[in-house]
Amino acid sequence: CCCIKGLVMDIVVYSTHTCPICVKTKELLDKWNLPFEQKYIDDDRANMVEFSKVTDGARMVPQLTIDGKHIGGFSDLTELHMDGFFDSQE
């Protein structure tokens, strides 16, 4: 989890082992100092079932959730960042 604007946020990245955009997504989160939990859906059936449920049947990775709410994929993450969603209050 991470602390943003005084709130603790749990970020989950659903990905596969062969997805280059998934790697880029995780690199961006690291660059922005946003801790996240990584869940691979290609080798863990429980993660796949969870992925399907929380994303309402999404078929592409990466997909992200924040505090259990599905926010979308890579472009959605970058839009949130550009909009200042992750700016911490100092």
Side-chain angles (χ1 to χ4, degrees):
C1 69
C2 57
C3 185
I4 311 267
K5 297 185 178 177
L7 302 173
V8 175
M9 300 179 108
D10 289 316
I11 300 174
V12 177
V13 178
Y14 294 93
S15 63
T16 64
H17 288 89
T18 58
C19 167
I21 299 298
C22 297
V23 172
K24 187 170 184 135
T25 299
K26 293 177 266 191
E27 287 172 351
L28 273 181
L29 289 168
D30 284 338
K31 179 180 176 182
W32 298 334
N33 295 315
L34 296 172
F36 61 93
E37 180 181 0
Q38 177 173 270
K39 293 190 176 184
Y40 287 108
I41 64 168
D42 54 348
D43 64 357
D44 187 315
R45 176 134 176 81
N47 284 346
M48 182 60 184
V49 169
E50 179 182 312
F51 166 81
S52 183
K53 183 178 179 181
V54 300
T55 65
D56 199 24
R59 296 187 166 276
M60 298 177 68
V61 288
Q63 295 292 321
L64 296 95
T65 62
I66 297 177
D67 293 336
K69 181 181 178 205
H70 180 228
I71 62 154
F74 178 80
S75 59
D76 302 292
L77 175 68
T78 57
E79 283 182 34
L80 282 176
H81 186 262
M82 288 171 40
D83 289 345
F85 182 80
F86 298 110
D87 294 345
S88 58
Q89 293 180 342
E90 312 233 15

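Predicted model, so just to flag it, every value in this text is computed and none were measured.
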Taking S52 for its side chain and M48 for its backbone only, find out whether a donor-acceptor pair lies under 3.5 Å.
no
Go through the structure and list residues passing salt bridge (Lys or Arg N to Asp or Glu O under 4.0 Å) with E50, not counting sequence neighbours.
K39
So T78 and L28, do their side chains get closer than 4.5 Å, heavy atoms only?
yes
List, by chain and then residue number, the residues other than Y40 in its hydrophobic cluster (Ile/Leu/Val/Met/Phe/Trp/Tyr, side-chain heavy atoms under 4.5 Å); write none if there are no others.
none
Pairs satisfying ring-ring contact (aromatic ring centres under 6.0 Å, His included), at least one member in residues 43-79, at least two apart:
Y14-F51
Restricting to pairs with a member in residues 15-32, which pass salt bridge (charged side-chain N to carboxylate O under 4.0 Å, His left out), not counting sequence neighbours?
none
Could you state whether I21 and L80 fall into the same hydrophobic cluster, counting links through intermediate Ile, Leu, Val, Met, Phe, Trp or Tyr residues with side-chain heavy atoms under 4.5 angstrom apart?
yes
I71 and F85, any side-chain heavy atoms less than 4.5 Å apart:
no
T25 vs F36 side-chain heavy atoms within contact, under 4.5 Å:
no
Taking D10's backbone N and O only, do any of them form a donor-acceptor pair with D67's side chain (distance below 3.5 Å, no angle check)?
yes
Who pairs with T16 by side-chain contact (heavy atoms from CB on, under 4.5 Å), at least two apart in sequence or on another chain?
T18, C19, I41, D42, V61
Would you say CG of D56 has more than 12 non-hydrogen atoms from neighbouring residues, nucleotides or ligands within 6.0 angstrom?
no
For a 4.5 angstrom cut-off between non-hydrogen side-chain atoms, does L77 reach F86?
yes
